[in-house]
Amino acid sequence: MILIVGQNGDSSTHEVLRYLMYWNAPFIKISDLDTIDNVSIQCTNRQHEVTISKDSMKVNLSKVSAYWYRRGNLVFQYKMNATHPEIAESEIHDFVKKEYSTIANYIHYCLEQIGTRIGAFSKNNINKLIQLQYAKEVKLLIPRFIISNNRKEVQRFYNDVGTLATKGIGNNFTNLSGQSYWMFTSLIQQKDIDRFSEKFAYTLFQQYVEKEYEIRVFYLHGKCYSMAIFSQQNPDSMIDYRRMRAGRSNRTVPYNLPKVVENKIIRFMKKCEMNTGSIDLIFTSKGEYCFLEVNPNGQFGMVSKPCNYFIERDIANYLKEGVMKNE
Amino acid sequence: MVKGVKRSLLCDLQNEISYYVPSDISHAIDVLQAHSIAETKELNLVSAKIIDSTIEFIVTNNLGHLLSRQSINKFPDINLEWDYPAEITNCIIDINRNSDFDFSKIFLELESLGCQDLQLRIEDSLFIHEIENILKYADGRMLKSIQLYVANNSSESDEGYIGLVAKFPRITNLFVFNSLLSKVLTPDTAPAYTVARIADRIDFKRGCGIVHPDWFVTTMEHFTESLKFNTCLNRKISIDENGVIRNCPSLGTSFGNVKSVTLTEVARMREFRKIWKVTKSEIEICQLCEFRHICTDCRAFLEEPQNVRSKPLKCGYDPYTNQWSEWSKNPLKLKAMDFYELGLA
Ligand code: SF4
């Protein structure tokens, strides 16, 4: 059987499921709207069994032969409110919650042992700085960067490399009083540095690399699906193509990445212990490929659709073949 | 780029816009596909003036970018394959007061065939509660959308019809035809559905098949499907008010009745699938028309009813002159109209 953990309402996931249905490949999908109401872990000398259930559906993990972690998390039901209302709001509740998260991590661990697997919960938040280090280790070009909290240092770096770009170190996405904010990449020039205070919160400053076009690579088990994104004629998105005005879309076309670069990406992904992800590169105006970042669960639909790659079908097929191999 | 007999059509499938391209420019584009601008000029196959205006046309319309010569082989041609994860994508069911087939079984079968979109056309003035009795079987099935046409029942109110749609979230559109006035009942800022009254009577079976630029579809799915399949009939099925299964309600050939055969059996019949593969490249005139991959076909009403390779009757376009005319006023089409009893009454 195939198990899929994903978010509700994700149309790319839905299309993968439709291929599985079309081929009569049995699967179970658990989304963030499903609540796991029962977990059973039995580990004795003779047997080892982990079962999770939602509604009346039971999933014995030893029966899962292909697993796809798309995104999101497993949601467990805390029965505390009903059975012990007196402690529902107390510190004990926090303790119980932590116990739950240990169990959840263990279940994710068990799922990540499944032979045929795409994606992993544990790789959800891969550190951007480690990524850049790994990229450097496999000899992918990366923009020079510093992390700094003072103007003098930024000024020295600026004198050295020219225009800078800045973006979030960890996440580009944040919630402030209920509102979601995207942190976009912005440019830093001398006049901006002049307005900096002496000291500020630690910020990532990257050398601004002039690009001819951007490349988005969807990676799946050693295969690269590459797409070029032409954004420079659209002044709004010169720095970050996500910052695009509706109605003026950037041209996105299939791209042949040179074999050398593909091999570096494969080595990079192996180092990250990731078997899937979306990688952002730029093709610089000097004709070099420069690595920006990898997103463990990026939208593959935005590569698959304009390039007509049928990535959805390939994912479904990978899972289906995994089942045939293991059962 | 689709070449017609007199001009070409450049289809920007990403932005869903097409451009007319005169043949000298389309020739220049052909040469430029494999050569740099300098090389193209040296080849002398196309005048420098045409090359310059071609480049200008491409760049100003954001259809291409100027890159160095080495870039050429980094940009492969796009894959033009078409695929879809369902045996049947779309189904039309005609219903009247006497339709007594097993809706629960039909909807279940459509689901297992992977059908996403359903159109129900109710010819008689059924009461809303009678319509609900049909729709309740579609509830809980994995359909994406239901488009509903019903004949106006004068004892039902606007609110009643809106209430019906609100009750079944899969209904995307409800059209109440034969109404007194045409008007949209849902506000612009409405939920995900529209309810509208239409004053006209609709003749579903004979009114279909019109080819007009308003209906052209410049999408990747449509374009690639048209290369291998018939864009009107591929993976579609229909059931008429008596339960007769057909490729489309306007086509004559019957493939049995839902009371005696299953939709799955019919959908897998070789004969049923034969018409799915009639592409525009086999259809006379259309095969020379620049619109052939964004146009929808029609096999029910043909310009020459006896000739299966004839172009759609209800198309007023002539690819030799690039002119559109009103198809029903074309004297050459009158004979075919008589054949299909499409009088101008
Ligand atoms: S000639 Fe054929 S392809 Fe061209 S517009 Fe008419 S029906 Fe469509």
Side-chain angles (χ1 to χ4, degrees), chain A residues 11 14-25 29 211-215 225-234 246-259 261-262 281 283-287 289 301-317 320, chain B residues 10-17 33 58-89 108 110-117 141-144 169 192 218-225 227-228 235 264 267-268:
Chain A
S11 63
H14 186 70
E15 209 171 313
V16 174
L17 304 187
R18 295 202 56 213
Y19 272 103
L20 293 174
M21 286 187 262
Y22 183 43
W23 298 328
N24 287 319
K29 185 195 166 195
K211 67 188 174 199
E212 198 154 343
Y213 43 83
E214 279 174 64
I215 299 161
Y225 302 82
S226 308
M227 172 176 90
I229 303 165
F230 288 92
S231 48
Q232 65 284 58
Q233 77 283 49
N234 200 339
R248 294 162 83 199
S249 76
N250 286 320
R251 179 68 56 187
T252 48
V253 292
Y255 191 73
N256 282 339
L257 208 56
K259 230 20 284 127
V261 181
E262 268 195 25
L281 302 171
F283 186 73
T284 69
S285 23
K286 292 202 191 102
Y289 293 89
M302 61 89 72
V303 177
S304 183
K305 289 296 165 195
C307 300
N308 211 28
Y309 278 147
F310 293 94
I311 295 175
E312 299 81 1
R313 186 178 62 191
D314 287 357
I315 292 176
N317 189 49
K320 186 191 75 170
Chain B
L10 191 71
C11 303
D12 175 351
L13 300 177
Q14 188 189 337
N15 294 316
E16 304 187 6
I17 316 169
Q33 295 245 307
I58 288 179
V59 172
T60 50
N61 289 303
N62 200 356
L63 294 163
H65 300 269
L66 299 174
L67 298 170
S68 63
R69 174 69 179 85
Q70 295 88 294
S71 300
I72 277 189
N73 48 14
K74 290 181 183 163
F75 293 91
D77 287 343
I78 199 157
N79 167 29
L80 289 176
E81 181 193 354
W82 179 85
D83 194 3
Y84 194 81
E87 284 184 76
I88 291 292
T89 57
L108 197 72
L110 285 173
E111 176 182 86
S112 79
L113 288 166
C115 177
Q116 291 273 282
D117 303 297
R141 302 269 72 89
M142 276 198 55
L143 289 161
K144 200 172 80 199
T218 313
T219 63
M220 180 74 80
E221 289 82 6
H222 189 93
F223 191 98
T224 51
E225 185 178 17
L227 296 169
K228 289 261 168 64
R235 302 208 189 173
T264 315
R268 291 183 183 163

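Every chain is numbered from 1 and lettered A, B, ... according to where its sequence line falls, protein lines coming before strand lines. None of these values were measured; they are calculated from a predicted model. Excluded from the calculations below are hydrogen atoms, water molecules and symmetry mates; all remaining heavy atoms, backbone and side chain alike, are included.
Taking 4.5 Å as the limit, every side-chain heavy atom of B:His65 sits out of range of all side-chain heavy atoms of A:Tyr213. Within the 4.5 Å cutoff, no side-chain heavy atoms of A:Phe230 are placed close to those of B:Asn62. Counting only heavy atoms from C-beta outward, the side chains of B:Met220 and A:Lys305 never approach each other to under 4.5 Å.
Listed here is the closest heavy atom pair of B:Phe75 and A:Pro254: CD2-O, 3.9 Å. Between B:Glu87 and A:Tyr22 the shortest heavy-atom distance is N-CE1, 3.7 Å. When all heavy atoms are compared, the tightest approach of B:Ile78 to A:Pro306 is CD1-O, 3.1 Å. Taking all atoms of both residues into account, the shortest heavy-atom contact from A:Glu212 to B:Leu67 is OE2-CD2, 2.9 Å.
Proximity to chain B (any heavy atom under 4.5 Å) is shown, for A:Thr252, by both the backbone and the side chain. For chain B, the nearby parts of A:Tyr19 are the backbone and the side chain; heavy atoms of each come within less than 4.5 Å. For B:Gln70, no part lies under 4.5 angstrom from a heavy atom of chain A. In this structure, chain A has no heavy atom under 4.5 Å from any part of B:Ser112. With a 4.5 Å cut-off on non-hydrogen atoms, B:Leu80 touches chain A through its backbone but not through its side chain.
For B:Lys228, the NZ atom counts as loosely surrounded, since its 6.0 Å shell holds 12 or fewer non-hydrogen atoms of other residues, nucleotides or ligands.
A donor-acceptor pair under 3.5 Å is absent between the side-chain atoms of A:Glu15 and the main chain of B:Pro85, judged by distance alone. For A:Asn308 (side chain) and B:Asn79 (main-chain N/O), a donor-acceptor pair under 3.5 Å exists by modelled atom type. Checked by atom type and distance alone, the side chain of A:Arg18 never pairs as donor or acceptor with a backbone atom of B:Ala86 at under 3.5 Å.
Interatomic distance, B:Tyr84 OH to A:Phe310 CZ, rounded to the nearest 0.5 Å: 11.5 Å. Distance check: B:Met142 CE to A:His14 NE2 gives 4.5 Å after rounding to the nearest 0.5 Å. Interatomic distance, CG of B:Asp12 versus CZ of A:Arg251, reported as 4.0 Å (0.5 Å rounding).
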